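Below: one structure, written as structure tokens.
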There are 2 protein chains.
Amino acid sequence: MPLLSKAKEIKIKPVREIVYEHIRQAIVGGELEPGTRFTDGEIATEFNISRTPVREAIQKLETEGLIERVPMKGNVVKGLLPKDVAQIFALRKALECLAVRYVAVNATEEELGLIRATLDQAKTYMNTLQGDALADAYVPIVARYNKAMFEASHAPRVVDLIWSHREMLDRYRVVRIVIAKRLHESYSTREQMYGYFVDRKPDDAAILWASHIDRSYRIWIEAIGCSEDIGTHDYM
Amino acid sequence: MPLLSKAKEIKIKPVREIVYEHIRQAIVGGELEPGTRFTDGEIATEFNISRTPVREAIQKLETEGLIERVPMKGNVVKGLLPKDVAQIFALRKALECLAVRYVAVNATEEELGLIRATLDQAKTYMNTLQGDALADAYVPIVARYNKAMFEASHAPRVVDLIWSHREMLDRYRVVRIVIAKRLHESYSTREQMYGYFVDRKPDDAAILWASHIDRSYRIWIEAIGCSEDIGTHDYM
DNA sequence: AAGTGGTCTAGACCACTGT
DNA sequence: CAGTGGTCTAGACCACTTC
């Protein structure tokens with residue numbers, strides 16, 4: 001019998017991971033607003049660690065585009081201009097349409113079952129809940145659906161890019177609004193997508209998903225209240 | 001008068017950059033073959049530096065997908081499986097078609113002029129040279145054309161992704177073969193692309209570029225001599 | 001039990017900043 | 001010219017591998 005039975009359960013993460021996740025959470029959670037400046041040393045003293053792992057964490061955040069390292073000025077939390085949002089949506093459209101094509105071709109029966117399961121659960125909630133309670137229950141289900149779907153593409157390179165771009169947008173918590181506004185539409189789209197996956201129809205899946213993303217973008221822009229020309233985004 | 005007049009010309013790069021570029025070159029140049037294992041310490045002693053900057057360089061190479069860090073085994077040079085190549089081409093198709101759409105919409109007159117200039121130079125070479133000499137002269141021109149084209153998209157996020165994926169393929173020096181094999185086709189495609197840019201026809205540009213990438217992929221596969229099913233790549 | 005790889009610390013050093 | 005930020009060194013330490 002080991003002295004601490006939970007010892008195996010507690011993951012001993014490298015310090016740089018912990019720091020990375022904390023800074024990341026602070027940015028994504030809105031605690032650190034765009035434009036905020038900070039240095040390696042600050043973080044290091046706050047966590048009572050040396051600067052090396054902090055540098056490693058910051059380097060990772062930089063490659064993800066969440067922060068910018070300005071020489072002699074420190075690290076700056078990057079903000080997203082309307083133009084950036086448009087570009088990210090355009091990228092998402094290109095990448096995710098590619099991914100859903102892969103899903104329609106590559107998904108195993110098992111994976112389709114997983115997607116089906118999330119849909120069934122969503123259906124249950126839609127029949128028993130409503131209003132905010134429904135939205136609260138629905139949001140994590142959508143997350144699970146998306147995860148199951150993209151995993152089923154068997155195209156890890158594509159999926160990695162998709163997640164990193166989706167996360168860029170998570171930062172502005174418009175996501176919840178977008179979902180809540182079109183909850184039923186979101187559900188029926190996903191039902192339809194599932195049908196295309198089962199029928200192995202990549203083209204239909206891609207077209208449907210493209211219009212789904214277009215809708216999300218429009219709601220997003222509406223929510224942000226920025227009347228940027230969306231013309232340049234509308235490419236697939 | 002400064003003591004060393006050239007002092008300003010010599011860029012003092014951070015050590016990690018130097019190390020990064022050397023390792024990168026070794027991998028891309030084929031000196032370090034896929035599967036080769038090495039450790040931070042090895043590199044550090046070879047360059048007579050400490051391990052910290054080496055770690056930073058390796059971290060960067062890891063995010064680029066050129067190497068993999070295997071716990072307790074060291075760093076391993078990653079190879080590209082046929083499946084990877086197919087996925088990268090599929091990604092390139094999605095990303096580059098998006099980019100050329102942007103070019104057709106966003107390119108300034110000045111940028112179009114730059115593209116035109118590279119085409120004119122290519123034309124000159126095609127009229128005066130032939131065989132290997134032509135290919136030698138043509139390859140860098142294509143590089144300049146591509147650079148000018150993608151820059152003109154005004155979509156830096158997209159362009160960054162494009163370059164990083166193109167570089168993944170540079171490692172296998174099939175590029176030159178691909179260009180040499182279809183030199184005239186490559187030229188006329190680019191002439192046509194330029195026309196679509198000038199006429200502001202994003203759809204036509206995207207379609208043409210898609211088929212251009214499909215052609216490259218086929219030649220690539222042929223050159224590699226791997227008869228992988230290309231079905232799953234053929235998505236836009 | 002010795003060796004190797006991975007991580008972190010502490011601190012030196014230099015370039016650039018702003019008074 | 002003091003202060004701050006960025007980079008690198010040297011080495012300690014622990015986990016895991018291997019003999």
Side-chain angles (χ1 to χ4, degrees), chain A residues 2-24 26-27 32 35-78, chain B residues 2-24 26-27 32 35-78:
Chain A
L3 203 64
L4 298 169
S5 57
K6 287 185 184 172
K8 293 283 173 190
E9 294 171 32
I10 299 169
K11 277 182 194 171
I12 297 178
K13 288 179 197 170
V15 179
R16 65 157 181 283
E17 294 283 336
I18 300 170
V19 176
Y20 164 78
E21 274 159 28
H22 272 81
I23 302 178
R24 181 172 219 306
I27 295 176
L32 285 175
T36 311
R37 280 173 24 181
F38 61 93
T39 64
D40 310 1
E42 270 176 75
I43 311 281
T45 49
E46 262 180 60
F47 283 88
N48 250 320
I49 56 173
S50 85
R51 286 155 66 196
T52 309
V54 178
R55 278 175 64 75
E56 292 183 346
I58 288 176
Q59 216 167 31
K60 201 170 167 188
L61 287 163
E62 195 197 12
T63 63
E64 284 178 27
L66 276 167
I67 66 175
E68 201 180 347
R69 297 173 90 173
V70 183
M72 294 298 120
K73 291 283 174 187
N75 310 292
V76 184
V77 179
K78 266 215 233 177
Chain B
L3 202 64
L4 299 169
S5 56
K6 286 184 185 173
K8 294 280 172 194
E9 294 171 32
I10 299 169
K11 277 183 192 171
I12 297 178
K13 288 180 197 169
V15 178
R16 66 161 182 285
E17 293 284 337
I18 300 170
V19 175
Y20 165 78
E21 273 159 28
H22 271 82
I23 302 178
R24 179 170 221 305
I27 296 175
L32 285 175
T36 310
R37 279 172 29 181
F38 61 95
T39 63
D40 311 2
E42 270 175 75
I43 311 279
T45 49
E46 262 180 61
F47 283 86
N48 251 319
I49 55 174
S50 86
R51 286 155 66 198
T52 308
V54 178
R55 279 175 63 74
E56 293 183 344
I58 288 176
Q59 218 168 29
K60 200 170 168 190
L61 287 164
E62 195 197 13
T63 64
E64 282 177 30
L66 276 168
I67 67 175
E68 201 181 348
R69 296 172 91 171
V70 184
M72 293 300 118
K73 292 282 174 189
N75 311 292
V76 184
V77 179
K78 267 217 233 176

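Numbers restart at 1 for each chain; the letters A, B, ... are given by sequence-line order, proteins then strands. These numbers were taken from a predicted model, which means no experiment stands behind them.
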Only one of I49(A), V15(A), T45(A), N75(A) forms a side chain to side chain contact (heavy atoms under 4.5 Å, CB included) with V54(A), so which one is it?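 For V54(A), the side chain to side chain contact (heavy atoms under 4.5 Å, CB included) check succeeds only for I49(A).
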Qualifying residue for side chain to side chain contact (heavy atoms under 4.5 Å, CB included) with L61(A), from V77(A), I23(A), V19(A): I23(A)
Protein-to-nucleotide contact annotation, 5' to 3' order, nucleotides 1-8 of chain D [B base; S sugar-phosphate only; - none; under 4.0 Å, heavy atom]: ----SBBS
Could you tell me whether D40(A) and R51(A) make a salt bridge, using a distance below 4.0 angstrom between a side-chain N and a carboxylate O? no
In Å and rounded to the nearest 0.5 Å, what is the CZ to CD1 distance from R55(B) to I43(B)?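 Spacing of CZ (R55(B)) from CD1 (I43(B)) equals 13.5 Å.
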Side chain E42(A), main chain T39(A), donor-acceptor under 3.5 Å: yes
